[in-house]
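Report on one structure; see the data block that follows.
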Amino acid sequence: MDENKQAQLRRLPGVDRILEYGTNNQQFDNIPKTILIPSIRKTIEALRQIIMASDKALDEAMFALDALVAKVCDHASRAMALRLKRTINATGVVVHTNLGRSLLSPAVLDNLTTIASRYSNLEFDLKAGRRGSRYSAVEDILCELSGARAAMVVNNNAAAVLLCLDTLANGREVIVSRGELVEIGGAFRIPDVMAKSGAILKEVGTTNRTHARDYENAVNEQTGLLFKAHTSNYSIVGFTAAVGLNELVAIGRRHQLPVMEDLGSGTLVDFSQYGLTREPTVQASLDAGVDVVTFSGDKLLGGPQAGIILGGKTHIDRIKANPLTRAVRIDKMTLAALEGTLQLYRDESKAVQQIPTLRMLTMPLAAIASRAADLKSRLEKLADGRLRVDAMDLASKAGGGSLPLLNLPSRCIGVSVDGMSANGVELWMRRHTPPVIGRIENDRFIMDPRTLQEEELEMIEKAFARMLADKASKR
Ligand SMILES: *Cc1c(COP(=O)(O)O)cnc(C)c1O
């Protein structure tokens, strides 16, 4: 190493020096030691790296304690920033599992905050003055809305399926069509969950065709349950046959076997009224006589993450008595948010307006187009010659493994920036605070207004202004 470099390395201040300087100037007052010391070390190390990489002597200002302390504060504030943070979903995928699935309705937030920060009657029967059931908050309303006789809730639908299988079919055979052995994201696979529950999977039929006689032939004295899974994230088309719910229920009755259905996305609203393809409703499954139905709280229902189990009282009572229930117990904040969300369903038009997932799914194209026009004019107002903004007729997706083949017509905004690739724009937007998540199509960064919230158009405008300024300064 040459002498110049060595001389410069000797000038690097020690941790103590920076610590003392920043502390005396009260610049470290709000930084905990566990963050501060590593931040100082990183700052010194970064400067050391610059010295090592540079052929000439560094500017005097680089060694100034003020500058180094500012760098330490910068490091520290990045290290202390919340990791779970608000993100702008411009993907057009409404129930986006990676981005938090459903947004809670503002109508439920007041009670949610109160229940979270105050004591409540979570498991206390105020009338009787003794221990009560955690599920009573939502049991009645779930029955009222769905027509079920009994209900219970757990922390998600995967847990609901596991708990039901463990209760109803542990050590026994469960008959499932080969066309319904689904895998959803996050490693939830029906055969694996079945194995974990202690139930024995008995596959019948073929991938594309399963008949009533396939179920009939598979029933024996080991059979404990007939199981149907909603093939929520794919569809088998062409030469197909599946056994309908009514028929499956009839087979179950004939052999005195319970029938369970994992609806996955489960909806209480018939989407065909809003011009979307029909997604089987919870009510329809119960009407058909299915004994136990499970579905998610945060997919098409538009509530918090939860698993909802509906069915006959005998089955639900057995499920409630399973010790596994304690391990998949629903949290009080979830219960508060779920009860609030369910209350909105008493008036369906209100539910569609006030539950963000439903509102976004049923949003008229005209409303989306007007937002697209707003976003377009905001970006054009930046008056930057490098920016090209186009409205494009593309499609949104329901997501969350629901309405798999449905393309929701949408009007998107496609952006390209001179001197930047579409990937470059995507990366910059993703790393912005708040991150803006879009997609790339036709070499453009695409934003779908369907999943944007009102105030986010302005936030996107600002993000682009920052990006353009950033890129200009680095030219
Ligand atoms: C989404 C889904 C699940 C899992 O539900 P979570 O609430 O995510 O645990 C299970 N089964 C089907 C068919 C699904 O679509």
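Start at 1 and go down the list; that is how both ligands and their atoms are numbered. These numbers come from the heavy atoms of this one structure, side chains and all, not from hydrogens, waters or symmetry mates. All values reported here derive from a predicted model rather than from experimental measurement.
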Is any NZ, NE, NH1 or NH2 atom of the basic residue among [X] and [Y] found under 4.0 Å from an Asp or Glu carboxylate oxygen of the other?
| X | Y | answer |
| --- | --- | --- |
| R388 | D390 | yes |
| D192 | K196 | no |
| D317 | K313 | yes |
| E455 | R86 | yes |

Winner among L263, N157, N156 once heavy atoms are compared against atom 5 (O) of ligand 1: N157
Run down the list K228, H230, K299 and name the one with the heavy atom closest to atom 14 (C) of ligand 1. K299
In this structure, which one of L301, T357, L103, D298 forms a side-chain contact (heavy atoms from CB on, under 4.5 Å) with V95? T357
Just which atoms of ligand 1 are under 4.0 Å from any heavy atom in F188? 10 (C), 11 (N)
Short N/O distance, under 3.5 Å, between A158 and ligand 1? yes
Do ligand 1 and S296 have nitrogen or oxygen atoms that lie under 3.5 Å from each other? yes
Does ligand 1 have any atom sitting under 4.0 Å from a heavy atom of R101? yes
Looking at ligand 1, does D262 have a heavy atom less than 4.0 Å from it? yes
Name all residues meeting the side chain to side chain donor-acceptor pair (under 3.5 Å) criterion together with D393; count only those two or more places apart in sequence or in a different chain, and write none if there are none. R411
